[in-house]
Engineer: 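Let me begin by handing over the structure; questions about it come next.
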Amino acid sequence: KSQQYRLLFPQVTLSKTRARIDDWKTNQGGGFFSLGTGGSVEGHGAHGLIIDDPMTADDADSMPVMTDLWNWYIRAARTRLMPGGWVLVIMQRWSPFDLAGQMDTLAENDPHADKYTVLRLPASAGDGDPMGRSRGEALWPAWYPLPTLYAIRAASHRHFDALFQQEPRSSDAALF
């Protein structure tokens with residue numbers, strides 16, 4: 001129990017009966033439950049869902065893997081969201097058909113679907129950059145200066161577009 005935690009949350013204590021690293025409750029009524037994608041969420045409700053890196057680069061080449069992830073999201077994870085709840089998806093955009101892509105497509109095509117705010121921070125700024133950067137300006141120049149970004153892009157445009165620009169292309173599109 002760190003001093004900083006105690007200063008920020010002096011009244012919050014962990015329940016002695018439910019204090020596993022992946023499933024805990026506080027004595028004040030809050031809690032946390034974690035699992036991997038595809039895991040069972042039965043018996044759990046959520047005021048918020050955080051989905052962090054639900055797929056790998058290799059998954060982007062497998063439509064069955066992306067379909068399984070989407071089905072898990074719509075059949076299991078999303079159905080556990082309580083009224084007024086929220087969803088935060090943090091991920092690299094590997095494919096137009098990845099989880100974020102399917103969520104975007106649904107939101108665009110169905111007026112009843114959940115609506116999301118997308119924050120996209122490309123490594124090299126484009127037009128209308130959310131941070132106000134000039135076109136071509138690096139996001140993190142101390143770590144990824146433009147010459148480094150250009151070298152990464154030269155090795156694989158498809159992976160650079162997905163990983164660094166958050167503009168995925170399907171593997172088929174990369175062939176043309």
Engineer: Which heavy-atom pair separates L49 from A77 by the least distance, and what is that distance?
Structural biologist: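 Smallest interatomic distance, heavy atoms only, reads CD1-O, 3.4 Å.
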Engineer: Which atom pairs, donor and acceptor, lie under 3.5 Å between side-chain atoms of residues 142-152 and protein residues at least two apart or in another chain?
Structural biologist:
none

Engineer: Quick check on the hydrophobic clustering: are W140 and L163 connected, directly or via other members, by side-chain heavy-atom contacts under 4.5 Å?
Structural biologist: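 Same cluster.
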Engineer: Ignoring hydrogens and angles, tell me if any N or O in the side chain of Q92 forms a donor-acceptor pair with the backbone of A162 under 3.5 Å.
Structural biologist: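 Between the backbone of A162 and the side chain of Q92 there is no qualifying donor-acceptor contact (under 3.5 Å).
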Engineer: Whether the side chain of E137 engages the backbone of S124 through a donor-acceptor N/O pair (distance < 3.5 Å, no angle test) should be reported.
Structural biologist: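 The answer is no, because no donor-acceptor pair under 3.5 Å joins these two groups.
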Engineer: Looking at side-chain heavy atoms only, is the closest gap between R120 and E167 below 4.5 Å?
Structural biologist: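 Sidechains of E167 and R120: in contact.
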Engineer: Measuring from atom CG of D52 to atom CD1 of I90, what distance do you get when rounded to the nearest 0.5 angstrom?
Structural biologist: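 D52 atom CG to I90 atom CD1 measures 4.5 Å (nearest 0.5 Å).
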Engineer: Quick check against the 3.5 Å criterion: does N109 have a side-chain atom that pairs as donor or acceptor with the backbone of T105?
Structural biologist: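 Confirmed, N109 side chain pairs with T105 backbone.
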Engineer: Determine the minimum heavy-atom distance between N27 and S15, stating which atoms define it.
Structural biologist: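 That closest heavy-atom pairing would be OD1-CA, 3.3 Å.
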Engineer: Tell me, which pairs form a side-chain hydrogen bond (donor to acceptor under 3.5 Å, both in side chains) where one or both residues lie in residues 78-91, sequence neighbours left out?
Structural biologist: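 Residue pairs passing side-chain hydrogen bond (donor to acceptor under 3.5 Å, both in side chains), neighbours aside: R78-D114.
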Engineer: Got Q102 and Y73 here, is their nearest side-chain heavy-atom distance under 4.5 Å?
Structural biologist: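 Not touching, per the 4.5 Å side-chain cut-off.
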Engineer: Take Y116 and V87 through the test side-chain contact (heavy atoms from CB on, under 4.5 Å) and record every step on the way to the result.
Structural biologist: CA-CA 9 Å; Y116 300 95; V87 177; 4.3 Å; yes
Engineer: Could you tell me which non-hydrogen atom of L121 sits nearest to which non-hydrogen atom of L139, and how far apart they are?
Structural biologist: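 Heavy atoms only, the tightest pair is O-CD2, 3.6 Å.
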Engineer: If we only count heavy atoms from C-beta on, is the D98 to W70 side-chain gap below 4.5 Å?
Structural biologist: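 D98 vs W70: side chains apart.
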Engineer: What distance separates R6 CZ from T13 OG1, expressed to the nearest 0.5 Å?
Structural biologist: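 Spacing of CZ (R6) from OG1 (T13) equals 7.0 Å.
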Engineer: Distance check, rounded to the nearest 0.5 Å: L14 atom CG versus K25 atom NZ?
Structural biologist: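 Result: 12.0 Å between the selected atoms.
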Engineer: Taking side chain as C-beta onward, heavy atoms only, is P122 less than 4.5 Å from D129?
Structural biologist: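 Side-chain contact under 4.5 Å: yes.
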Engineer: Just so I know, are the side chains of S62 and P64 near enough to count as touching, which here means a heavy-atom distance under 4.5 Å?
Structural biologist: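 Contact flag for S62/P64 side chains = yes.
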Engineer: Can you check whether T56's main-chain N or O pairs, donor with acceptor, with D59's side chain at less than 3.5 Å?
Structural biologist: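 Such a contact is found between D59 side chain and T56 backbone.
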Engineer: Going by heavy atoms in the side chains, are M103 and I51 under 4.5 Å from each other?
Structural biologist: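 No, their side chains stay 4.5 Å or more apart.
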Engineer: For P168 versus R93, what's the shortest heavy-atom pair and its separation?
Structural biologist: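 Smallest heavy-atom distance, with atoms named: CB-O, 3.4 Å.
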Engineer: Could you tell me which non-hydrogen atom of R158 sits nearest to which non-hydrogen atom of W94, and how far apart they are?
Structural biologist: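 What the structure gives for the nearest pair is NH2-O, 4.4 Å.
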Engineer: Assigning hydrophobic clusters by single linkage (Ile, Leu, Val, Met, Phe, Trp, Tyr; side-chain heavy-atom cutoff under 4.5 Å), is F164 placed with M91?
Structural biologist: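 Yes, F164 connects to M91 through the hydrophobic network.
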Engineer: For residues I50 and L81: do they belong to one hydrophobic cluster (side chain heavy atoms under 4.5 Å, members Ile, Leu, Val, Met, Phe, Trp, Tyr)?
Structural biologist: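 No, no single cluster joins them.
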Engineer: Between Q165 and F160, is there a donor-acceptor pair closer than 3.5 Å when you use the side chain of the first and the backbone of the second?
Structural biologist: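 Judged by distance alone, no pair lies under 3.5 Å.
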Engineer: Drop me the distance from M63's CE to D68's CG, to the nearest 0.5 angstrom.
Structural biologist: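 Interatomic distance, M63 CE to D68 CG, rounded to 0.5 Å: 10.5 Å.
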